[in-house]
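Throughout, a chain's letter reflects where its sequence line sits, starting with A, and its residues are numbered from 1.
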Number of protein chains: 2
Amino acid sequence: MKNIKLDATDRKILELLQKNSNITNAQLAKEIGLSPAPTLERVNKLENAGVIKSYHAVIDPASVGLGVSTFVMVSLKGHNKDNINKFNKAIHDIEEIVECHHITGAGDFVLKIVCSDIAAYQQLMLDKVSNIDVVDGLQSMVILSTFKDSKVLPLPNN
Amino acid sequence: MKNIKLDATDRKILELLQKNSNITNAQLAKEIGLSPAPTLERVNKLENAGVIKSYHAVIDPASVGLGVSTFVMVSLKGHNKDNINKFNKAIHDIEEIVECHHITGAGDFVLKIVCSDIAAYQQLMLDKVSNIDVVDGLQSMVILSTFKDSKVLPLPNN
DNA sequence: ATCTTTAACCAAATTATATTTGGCTACAAA
DNA sequence: TTTGTAGCCAAATATAATTTGGTTAAAGAT
């Protein structure tokens, strides 16, 4: 991934595509004040440089029967490279675990988990997560509601 | 938002669009085994029903100078509706706070925060977050690395 | 100072893709 | 049995992406 210098126009493009990636190139061009050709050129450059990583649809969990989301703090039995790798491998194939971050502070990892209901969640935790042998402790926080979930990062001006 | 019944084809569409929303309708049609016309019809139906909420580009934080991401556990001074509303309002305009979830367990809220560096993070926390008058305690967890960040929810089969 | 190169841009042509149309089939309700 | 409806397809059309060729302006070289 190259190191690319972004100008104000690039940042505007990034902001707009984070907000809504289904905007047409023509509309995007209009909003940033350029014609379609150089607009597309800039978008391609941002993609090739790895600044834009990917494009995704976001679906409403409830409408597909996913009623429970949680954050889980995980502590490992010994916070060493080997155990971290084992843990990483173990969680990778559990599709209900949609995020896994290695953190400083109280625990070692924080997971985000999504599943149908509390029963399914309990089963997942008992059968799969707490069974991972390097896992020491787990602390679940059930999401009651989400007040903010912005897909737009706060781009610095330089 | 209507209650829509999803069949296996709809779920396949949702999976593919979550994975990569820039796929062409023709390619999507091919992968689900239908022609473009009914494929598009299904996508439109999913959008109109609110199952597909939005489309977004994902950018690489590091490549735009965003080097620090954290989770923050927040406790409020009294967990009542009024204070929750005040908190909600206060965090809404802080663009570095990209997520805010109301949770059960140890704290009252968990935030996800993204900013340039530790100095900027400290300033943000001191100047803006800890200043919110309903905030009682804060506990930061800095993300060292992210092992998994799937944009694809685990769709139940019915 | 003047040349040369390069990057960024535009308008317009072309290519690719989305979208609409009309009609067919199969299943379900009347 | 009939009638309506949902879901599908192929093909026509409309829209959008992409390419092309050429212009301008700024930076570095002579």
Side-chain angles (χ1 to χ4, degrees), chain A residues 1-60 62-65 151-152 155-158, chain B residues 1-60 62-65 151-152 155-158:
Chain A
M1 170 170 24
K2 283 156 265 186
N3 199 2
I4 192 180
K5 220 171 294 175
L6 304 178
D7 63 13
T9 303
D10 291 321
R11 284 192 291 274
K12 189 76 184 161
I13 289 174
L14 291 175
E15 185 190 328
L16 291 166
L17 289 180
Q18 284 182 97
K19 199 169 292 176
N20 171 24
S21 65
N22 264 13
I23 188 175
T24 65
N25 186 57
Q27 183 61 27
L28 182 61
K30 202 167 153 189
E31 300 205 20
I32 65 173
L34 286 181
S35 73
T39 302
L40 188 65
E41 201 172 68
R42 279 168 180 265
V43 172
N44 287 332
K45 196 174 292 183
L46 291 166
E47 289 174 357
N48 295 332
V51 176
I52 298 175
K53 290 200 295 183
S54 50
Y55 297 91
H56 306 272
V58 169
I59 72 176
D60 176 49
S63 76
V64 296
K151 307 302 183 184
V152 183
L155 300 185
N157 293 309
N158 53 68
Chain B
M1 168 168 26
K2 281 156 265 183
N3 198 3
I4 191 180
K5 219 170 293 174
L6 305 178
D7 63 14
T9 302
D10 291 322
R11 283 192 292 274
K12 187 75 185 163
I13 288 173
L14 292 174
E15 185 190 328
L16 291 166
L17 290 180
Q18 284 181 98
K19 199 170 293 179
N20 172 24
S21 66
N22 264 13
I23 188 174
T24 65
N25 187 56
Q27 183 61 26
L28 182 61
K30 202 167 152 189
E31 299 206 21
I32 64 173
L34 286 180
S35 74
T39 302
L40 188 66
E41 201 173 67
R42 279 168 181 264
V43 172
N44 286 333
K45 197 175 291 183
L46 291 166
E47 290 173 359
N48 294 333
V51 176
I52 297 174
K53 288 200 297 185
S54 49
Y55 296 90
H56 308 272
V58 169
I59 72 175
D60 175 50
S63 76
V64 296
K151 308 301 183 185
V152 183
L155 302 185
N157 293 309
N158 52 68

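- Ionic pairing of A:Lys45 and A:Glu41 is not present here: no N-O contact between side-chain nitrogen and carboxylate oxygen is shorter than 4.0 angstrom.
- Between A:Glu41 atom CD and C:dC9 atom P there is a gap of 7 Å when expressed in whole angstrom units.
- What you find for B:Asp10 and B:Leu6 is that their closest heavy atoms are OD2-CA, 3.6 Å.
- Side-chain N/O atoms of B:Lys45 include none lying less than 4.0 angstrom from OP1 or OP2 on D:dA6.
- In the set D:dG7, C:dA8, D:dC9, the nucleotide with an atom closest to the side chain of B:Pro38 is D:dC9.
- Look at CG on A:Asn22: it is 18 Å from P on D:dT15, rounded to the nearest Å.
- Under a 4.0 Å N-O distance rule, the pair A:Glu15/A:Arg11 does not qualify as a salt bridge.
- Side-chain atoms of A:Asn25 come within 3.5 Å of backbone atoms of A:Pro36 as a donor-acceptor pair (strictly under, hydrogens ignored).
- The separation between B:Arg42 atom CZ and C:dT19 atom C1' is 18 Å, rounded to whole Å.
- Between the side chain of A:His56 and the main chain of B:Ser21, no donor-acceptor pair closer than 3.5 Å is present.
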Taking only N/O atoms, report every protein-nucleotides 16-23 of chain D pair under 3.5 Å with atom names and distance.
unit_1 : atom_1 : unit_2  : atom_2 : d
D:dA17 : OP1    : A:Asn25 : N      : 2.8
D:dA17 : OP2    : A:Asn25 : N      : 3.1
D:dA17 : OP2    : A:Ala26 : N      : 3.4

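- Under the 4.0 Å criterion applied to side-chain N and carboxylate O atoms, B:Asp7 and B:Arg42 are assigned as salt-bridge partners.
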